[in-house]
Visitor: 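Have a look at the structure that comes next, please.
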Amino acid sequence: MNRRKAVTAVVSGAALAATVGVASAADKEIEIFVEHWKKSKALTLKVAEAMPAENYSYKPFAEARPFGGELQHLGQAEGAYLGGFGKGRAPAPPAGDTGKPATVKYLTQVFDWSISVVGQLSSADLTRSFGNGQGPSMTGLDLLYGAMIHTAHTRGYAEMYLRNKGITPPDYDV
């Protein structure tokens, strides 16, 4: 009987240690994602600040969004992807104002919200399935990577707007 209790205690202790290790790894992963979002915010705001206010309505071709509209689209997509976690509502873009002050303010708000959402995630959120009935379900990791990829892609467009105006985009700090 004592041996059985001892073996049970050892097995239970090993299982607990393994669970703590998994939780610690997931917590570290969340910290990495939070740090990524902080860097993404910093770079996006540098891109936004690099364009002079008088060029926020600039479009490289007729069908393109204006520069300010492109950056606000980036913010709206952050809200759409990360809003899927159900951890709060993203800030709304300024209605009809794609100028520099409104866009920079909106991007600051949406990235602060995004960082908060990512920081609230748990390891269960990363593998859980999310869906709103308007497309395929996605895991939490799918939502995070979708947001990251879309943000980088759209920010790349914005950087090309800068280059078209003879402005060198800011460097990315990795």
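All residue numbers refer to positions in the sequence shown, counting from 1.
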Visitor: Please evaluate residues F111 and T44 with respect to the criterion side-chain contact (heavy atoms from CB on, under 4.5 Å), reporting the C-alpha separation (whole Å), side-chain torsions for both, the decisive distance (0.1 Å), and the verdict.
Guide: CA-CA 9 Å; F111 270 100; T44 303; 3.6 Å; yes

Visitor: Treating E49 as the side-chain partner and V104 as the backbone partner, does any N or O pair qualify as donor plus acceptor under 3.5 Å?
Guide: no

Visitor: Quick one: do I32 and W37 end up in the same hydrophobic cluster if we chain Ile, Leu, Val, Met, Phe, Trp and Tyr together by side-chain heavy atoms under 4.5 Å apart?
Guide: no

Visitor: So which heavy atom on G75 is nearest to which on V110, and how close?
Guide: O-CG2, 3.5 Å

Visitor: State whether the side chain of Y106 and the backbone N or O of Q76 hold a donor-acceptor pair below 3.5 Å, judged by distance alone.
Guide: yes

Visitor: Give a yes or no on whether a salt bridge exists between E54 and K100, defined as a side-chain N under 4.0 angstrom from a carboxylate O.
Guide: no

Visitor: Under the side-chain contact (heavy atoms from CB on, under 4.5 Å) rule, what do E31 and K28 come out as? Steps first, then yes or no, please.
Guide: CA-CA 5 Å; E31 289 175 27; K28 182 64 177 168; 4.0 Å; yes

Visitor: Could you grab the distance from atom CZ of R65 to atom OH of Y161, nearest 0.5 Å is fine?
Guide: 7.5 Å

Visitor: Under a 4.5 Å cut-off applied to non-hydrogen side-chain atoms, are Y58 and N164 in contact?
Guide: yes

Visitor: Please report the closest heavy-atom contact between A50 and I167, naming both atoms and the distance.
Guide: O-CD1, 3.7 Å

Visitor: In the structure I gave you, are the side-chain heavy atoms of Y56 and T103 within less than 4.5 Å of one another anywhere?
Guide: yes

Visitor: Between Y81 and H150, how do the two ring planes meet: parallel, tilted or perpendicular, split at 30° and 60°?
Guide: tilted

Visitor: CD/Q120 to CG/D125 distance, rounded to the nearest 0.5 angstrom?
Guide: 9.0 Å

Visitor: Drop me the distance from T154's OG1 to I149's CD1, to the nearest 0.5 angstrom.
Guide: 11.5 Å

Visitor: Using a 6.0 Å cut-off, check whether atom NZ of K59 has over 12 heavy atoms from anything other than its own residue.
Guide: yes

Visitor: Assess whether a salt bridge exists between E35 and K38, defined as any Lys/Arg side-chain N lying under 4.0 Å from an Asp/Glu carboxylate O.
Guide: yes

Visitor: Does a side-chain N-to-carboxylate-O contact under 4.0 Å join D112 and K41?
Guide: yes

Visitor: May I ask whether M160 and L107 are part of the same hydrophobic cluster, defined by side-chain heavy atoms of I, L, V, M, F, W, Y residues being less than 4.5 angstrom apart, directly or through others?
Guide: no

Visitor: Specify the closest pair of heavy atoms between F85 and F130, including all atoms of both residues, with the distance to one decimal.
Guide: CD2-CZ, 3.5 Å

Visitor: What heavy-atom pair brings D171 and L43 nearest, and what distance separates the two atoms?
Guide: O-CD1, 3.7 Å

Visitor: Is there a side-chain contact between F67 and V47, using heavy atoms and a 4.5 Å cut-off?
Guide: yes

Visitor: What's the spacing between T151 OG1 and H73 NE2 if we round to 0.5 Å?
Guide: 9.0 Å

Visitor: Once rounded to the nearest 0.5 Å, what's the spacing between atom OG1 of T168 and atom CG of L162?
Guide: 9.0 Å

Visitor: Taking all atoms of both residues into account, what is the closest heavy-atom pair of G79 and A90, and its distance?
Guide: CA-CB, 3.6 Å

Visitor: For the atom pair CG (L141) and CG (L121), what is the distance rounded to the nearest 0.5 Å?
Guide: 9.5 Å

Visitor: Strictly distance-based, threshold 3.5 Å: is any side-chain N or O of D142 a donor or acceptor partner for the main-chain N or O of T139?
Guide: yes

Visitor: Do the side-chain N and O atoms of W113 and E78 include a donor-acceptor pair separated by under 3.5 angstrom?
Guide: no

Visitor: Specify the closest pair of heavy atoms between S57 and P66, including all atoms of both residues, with the distance to one decimal.
Guide: O-CB, 3.6 Å

Visitor: Between I115 and V34, is any pair of side-chain heavy atoms under 4.5 Å apart?
Guide: yes

Visitor: Can you tell me if R155 and S40 form a side-chain donor-acceptor pair at under 3.5 Å?
Guide: yes

